[in-house]
Participant: 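I am attaching a structure below and will ask some questions about it afterwards.
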2 protein chains.
Amino acid sequence: MIYYETFTEVVIFTVKKNKIMLNSYSSADKVLLAVDCIIFGFDKEGLKILLIKRDFEPEKGKWSLIGGFLKKDEKLDSAAIRILDRYTGIHDIYMEQLHAYSDIDRDPVERTISVAYFALINIENHNAELIQNYEAQWFSVANAPKLIFDHNSMLRHAIRRLRYRTSTKPVGFELLPEKFTMRQLLELYEAILSKELDKRNFISKINSLDILIKLDEKDMMSSRKGSYLYAFDKEKYDAKLLNDFVLNL
Amino acid sequence: MIYYETFTEVVIFTVKKNKIMLNSYSSADKVLLAVDCIIFGFDKEGLKILLIKRDFEPEKGKWSLIGGFLKKDEKLDSAAIRILDRYTGIHDIYMEQLHAYSDIDRDPVERTISVAYFALINIENHNAELIQNYEAQWFSVANAPKLIFDHNSMLRHAIRRLRYRTSTKPVGFELLPEKFTMRQLLELYEAILSKELDKRNFISKINSLDILIKLDEKDMMSSRKGSYLYAFDKEKYDAKLLNDFVLNL
DNA sequence: TATATCAATGTAGTTTTTACACTTAATAAA
DNA sequence: TTTATTAAGTGTAAAAACTACATTGATATA
């Protein structure tokens with residue numbers, strides 16, 4: 001076993017059959033790596049996030065993002081998927097890495113770096129199981145409670161990213177049921193961007209993307225006349241992505 | 001010392017004076033956390049990145065981003081600043097966290113998660129010391145060499161982010177000397193976006209931002225007529241940032 | 001059958017973006 | 001000193017995108 005100080009780091013290596021084998025980066029510190037998920041949902045009341053009540057000290061009883069630790073042989077994306085599944089039973093949804101948070105004392109228990117992910121799920125599809133099986137609860141994004149550690153900061157970043165994503169990806173469709181009305185879509189975008197949008201302009205911009213299928217079916221819940229249901233055309237969207245997607249609302 | 005399995009994680013805690021003190025998250029794995037820097041520069045030849053030749057196995061002799069390991073009591077931003085300073089002697093420059101890379105075998109020596117940062121520096125200001133004191137070397141972004149590990153992928157992401165940043169921040173000014181001509185600025189943006197821009201439209205868009213100071217001085221190097229030098233007005237820019245910056249080129 | 005409610009739809013005015021070419025200033029060469 | 005050369009500097013018209021805005025249509029309920 002030989003120590004060798006390079007310009008970069010001290011490394012430990014052995015020589016086997018004339019081949020140098022590095023065994024570790026000896027001088028480097030190892031740290032805990034957490035993954036926290038900002039899970040957005042949408043229903044008729046607006047844009048929501050899913051939180052859990054922390055059940056141990058410190059900060060017991062406070063609201064928290066859903067999180068967990070990265071395992072040794074797991075990549076971050078997989079950890080985020082695993083953690084979300086464990087708390088919600090949900091998988092196969094849109095997730096995106098947000099940012100790594102590393103303030104020294106962000107977690108008072110132990111030095112922990114956290115990589116935040118945000119996810120988009122559709123509440124109606126999952127709500128029943130979620131509330132029954134897990135201690136998670138939906139909160140309106142607009143008046144989210146005080147969260148532990150730096151989770152409020154993560155949430156703010158996630159909202160900013162989500163707003164930006166609306167112009168880049170058809171994120172809206174991730175948050176809605178498979179069939180939805182134009183009004184629902186409009187209200188979703190209004191909730192995300194937290195501004196009012198002109199209905200006619202919105203519809204023509206959405207239509208100009210050419211990624212919606214107008215169904216023959218109507219939703220008769222919302223009005224006497226009934227409003228047509230739409231579905232998202234994944235194929236057209238995938239084709240479109242190649243030439244970049246831009247949507248200015 | 002008591003073990004307690006919560007819904008989230010196994011934790012270890014002690015009870016002191018009726019207060020529960022958590023000591024660690026026992027079940028979680030610790031990992032090495034690296035920071036890699038994509039350092040962009042610009043000169044008359046175009047957009048460049050700074051690379052170093054790795055001087056130990058594996059991948060000895062291959063080109064690599066500048067990187068290092070996070071220390072125990074250091075946050076990621078600080079590590080990025082430290083590492084950049086160590087390799088280039090440069091500090092006080094624009095840096096931004098890019099993404100965390102965590103493929104299991106991305107570093108064959110040992111499991112390492114890397115958080116990539118990108119930085120913008122102005123070559124002319126720093127080149128001499130940089131080349132003399134360190135083994136770093138500038139490469140044209142357009143034909144960068146094959147890099148170790150997943151560094152090419154980091155570079156691709158960084159370029160994408162840099163392109164987006166042009167519409168959000170006046171990144172250009174970070175890459176130019178204090179005084180610069182409109183032509184230099186134009187060529188920089190052309191290099192970043194890798195597309196041709198119309199000179200007159202570019203100038204009027206830049207001017208409409210109202211963050212440039214036209215100096216009385218001319219650069220006589222580039223032409224017989226000479227071209228006016230400009231400087232970046234940080235104060236106006238800072239004021240402007242409050243109402244969001246948008247620049248569509 | 002009258003009324004109330006929300007869905008659906010098009011256009012004109014304004015702003016923004018694009019495409020495009022000639023004149024000017026300074027210097028070097030004749 | 002005249003002429004030639006080179007890149008700098010400048011404006012406008014056409015096209016495209018965006019905004020603001022109001023009436024009619026379908027149906028359930030009174």
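Letters go in sequence order (proteins before strands), and every chain restarts at 1. In this text the structure is predicted, and so the values were computed from the model without any measurement. Hydrogens, waters and symmetry mates play no part in the numbers below; they use all other heavy atoms, side chains included.
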Participant: Do B/Tyr101 and B/His151 have their ring centres less than 6.0 Å from each other?
Facilitator: no
Participant: Hey, are the side chains of B/Gln184 and B/Glu187 touching, using non-hydrogen atoms and a 4.5 Å cut-off?
Facilitator: no
Participant: Is the shortest side-chain heavy-atom distance between A/Leu212 and A/Met182 below 4.5 Å?
Facilitator: yes
Participant: Within a reach of under 6.0 Å around NZ of A/Lys240, are more than 12 heavy atoms found that belong to other residues, nucleotides or ligands?
Facilitator: yes
Participant: Anything under 4.0 Å to a heavy atom of chain B counts; send over the first and last such nucleotide of DNA chain D, read 5' to 3'.
Facilitator: D/dT5 to D/dG11
Participant: Tell me, do A/Asn122 and A/Phe42 make a side-chain contact under 4.5 Å, heavy atoms counted?
Facilitator: no
Participant: Kindly assign one of parallel, tilted or perpendicular to the pair B/Tyr189 and B/Phe202, based on the angle between their ring planes and the thresholds 30° and 60°.
Facilitator: tilted
Participant: Without placing hydrogens or testing angles, list every side-chain donor-acceptor pair under 3.5 Å for residues 228-235 of chain A, not counting sequence neighbours.
Facilitator:
residue	atom	partner	partner atom	Å
A/Asp233	OD1	A/Glu235	N	3.1
A/Asp233	OD1	A/Lys236	N	3.1
A/Lys234	NZ	A/Asp238	OD1	3.0
A/Lys234	NZ	A/Asp238	OD2	3.3

Participant: Quick one, which residues of residues 181-193 of chain A touch DNA chain D with a heavy atom under 4.0 Å?
Facilitator: none
Participant: Do the non-hydrogen side-chain atoms of B/Ile93 and B/Leu120 ever get within less than 4.5 Å of each other?
Facilitator: no
Participant: First locate atom CG of A/Leu147, then atom CD1 of A/Ile52, and finally report the distance between them rounded to the nearest 0.5 Å.
Facilitator: 11.0 Å
Participant: Any donor-acceptor pair under 3.5 Å between the side chain of B/Arg200 and the base of C/dA21?
Facilitator: yes
Participant: Run the side-chain donor-acceptor check on residues 166-178 of chain B: report pairs under 3.5 Å with partners two or more places apart or on a different chain.
Facilitator:
residue	atom	partner	partner atom	Å
B/Thr166	OG1	B/Arg163	O	2.5
B/Ser167	OG	B/Tyr164	O	2.7

Participant: Is any side-chain heavy atom of B/Glu217 closer than 4.5 Å to a side-chain heavy atom of B/Lys179?
Facilitator: yes
Participant: Which protein N or O atoms sit under 3.5 Å from an N or O of nucleotides 22-28 of chain C?
Facilitator:
residue	atom	partner	partner atom	Å
C/dT24	O2	B/Lys225	NZ	3.0
C/dA26	O4'	B/Arg224	O	3.4
C/dA26	O3'	B/Arg224	O	3.3

Participant: Quick one: which protein N/O atoms are closer than 3.5 Å to N/O atoms of nucleotides 16-18 of chain C? Pair and distance per line, please.
Facilitator:
residue	atom	partner	partner atom	Å
C/dT18	OP2	B/Lys205	NZ	2.9

